[in-house]
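The structure appears below as structure tokens.
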Amino acid sequence: MNTHKCPNIEEFKTILRKHSLKATPQRIAVHEAMMSLGHACADMVTESIKEKGSAKVTLASVYNILTQMAMLGVYNYRLSANNKMYFDVNTFKHIHFYDKDNHTFRDVIDDELVQLIESHLSRKRVRGYRIESFDIQLIGRPSRKKYSV
């Protein structure tokens, strides 16, 4: 099973070099914000960077960096019910819990369940297709009591 962590700054710089990209202050600031936030849209990352004052960024540049990093496999992305693109710093196989009231994502780490699903799907066929991956998202609303997922 994959490790449950995102690339640290040094690993991130190595990934950038591997793709012939410079470790600009903006890219580093975006990754630092993503390490802190975990799941975030460009607005959230931009706000985090501006609060820290770590780099000068625009919303457009943050979105472009996030998209570029997702295309390179550094982040995953998902569309929320409010039609915002959220980026996920964790690219290992895991389940998401989406809070449809607050439009937030949380990771559900359950390696046993992921392995059961992979095993089950390895025996299934979808005519005309080869299953490459799967994406499970649980959807809910906050209850009166707070429970950990």
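Counting from 1, the numbers follow the sequence of the chain as shown. Note that the coordinates shown come from a computational prediction; the quantities given were computed from them, not determined experimentally.
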Can you list the steps and then say if Asp111 with Leu113 is a side chain to side chain contact (heavy atoms under 4.5 Å, CB included)?
CA-CA 6 Å; Asp111 292 343; Leu113 179 57; over 6 Å; no
Decide side chain to side chain contact (heavy atoms under 4.5 Å, CB included) for Tyr63 and Phe87; before the verdict, give the C-alpha distance in whole Å, the side-chain angles of both, and the deciding distance to 0.1 Å.
CA-CA 10 Å; Tyr63 184 79; Phe87 295 86; 4.2 Å; yes
Go through the steps for Tyr98 and Thr104 under the test side chain to side chain contact (heavy atoms under 4.5 Å, CB included), then give the verdict.
CA-CA 6 Å; Tyr98 178 68; Thr104 57; over 6 Å; no
Can Val114 and His94 be said to form a side chain to side chain contact (heavy atoms under 4.5 Å, CB included), step by step?
CA-CA 7 Å; Val114 168; His94 60 285; 5.6 Å; no
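Taking the side chain as every heavy atom from C-beta outward, Pro7 and His31 approach each other to under 4.5 Å. Residues Tyr75 and Asp88 form no side-chain contact, since every pair of their non-hydrogen atoms from C-beta on lies 4.5 Å or further apart. Using a 4.5 Å heavy-atom cutoff, the side chains of Lys22 and Leu16 are not in contact. Under the 4.5 Å side-chain criterion, counting only non-hydrogen atoms from C-beta, Asp43 is in contact with Lys84. Put simply, the side chain of Ile28 reaches to within 4.5 Å of the side chain of Phe12, judged on heavy atoms. Here the side chains of Ile136 and His96 are not in contact, with every heavy-atom distance at 4.5 Å or above. Counting heavy atoms from C-beta on, the side chains of Met34 and Leu66 come closer than 4.5 Å. The shortest side-chain heavy-atom distance between Lys50 and Lys52 does not fall under the 4.5 Å cut-off.
Inspection of the Asn90 and Asp107 side chains reveals an N or O donor paired with an N or O acceptor under 3.5 Å. The closest side-chain donor-acceptor pair between Ser122 and Ser119, if any, does not fall under 3.5 angstrom.
Heavy-atom minimum distance, Gly73 versus Thr91: O-CG2, 3.5 Å. When all heavy atoms of Met35 and Asn8 are compared, the pair lying nearest together is SD-CA, 4.0 Å. Considering all non-hydrogen atoms of both residues, Asn102 and Pro142 come closest at ND2-CG, 3.7 Å. When every heavy atom of Ala40 is checked against every heavy atom of Val45, the shortest pair comes out as CB-CG2, 3.7 Å. Across all their heavy atoms, Ser48 and Leu37 have their closest contact at CB-CD1, 4.2 Å. Between Ala42 and Val62, the closest heavy-atom pair is O-CG1, 3.7 Å.
A salt bridge links Asp135 with Arg78: the distance from a Lys NZ or Arg NE/NH1/NH2 to an Asp or Glu carboxylate oxygen falls below 4.0 Å. Glu11 has no carboxylate O lying under 4.0 Å from a charged side-chain N of Lys13, or vice versa, which leaves the two without a salt bridge.
In this structure, the separation between CD on Gln115 and NZ on Lys93 is 9.5 Å, given to the nearest 0.5 Å. To the nearest 0.5 angstrom, His19 atom NE2 is 9.5 Å from Gln68 atom CD. From Lys56, atom NZ reaches atom OG of Ser61 across 12.0 Å, with rounding to the nearest 0.5 Å. Arg27 CZ to Ile65 CD1: the interatomic distance, rounded to the nearest 0.5 Å, is 6.0 Å. With values rounded to the nearest 0.5 angstrom, Glu118 atom CD is found 5.0 Å from Phe134 atom CZ. Atoms CG and SG, on Leu59 and Cys41 in that order, are 8.5 Å from each other to the nearest 0.5 Å.
Follow the hydrophobic side-chain contacts under 4.5 Å out from Leu121 and you never reach Leu116; the two are in separate clusters. Following chains of ILVMFWY side-chain contacts shorter than 4.5 Å, one can reach Leu21 starting from Val89, so the two form part of one hydrophobic cluster. When hydrophobic clusters are built by joining Ile, Leu, Val, Met, Phe, Trp and Tyr residues whose side-chain heavy atoms come closer than 4.5 Å, directly or via intermediates, Val74 is not grouped with Phe92. The cluster map of Ile, Leu, Val, Met, Phe, Trp and Tyr, joined by side-chain heavy atoms under 4.5 Å apart, puts Ile139 and Phe97 in different clusters. Using a 4.5 Å cut-off between side-chain heavy atoms of Ile, Leu, Val, Met, Phe, Trp and Tyr, with links allowed through other members, Phe105 and Ile95 fall into different hydrophobic clusters.
Ring pair Tyr86/His39: centre-to-centre distance not below 6.0 Å.
Counting non-hydrogen atoms of other residues, nucleotides and ligands closer than 6.0 Å to CE of Met85 gives a total above 12.
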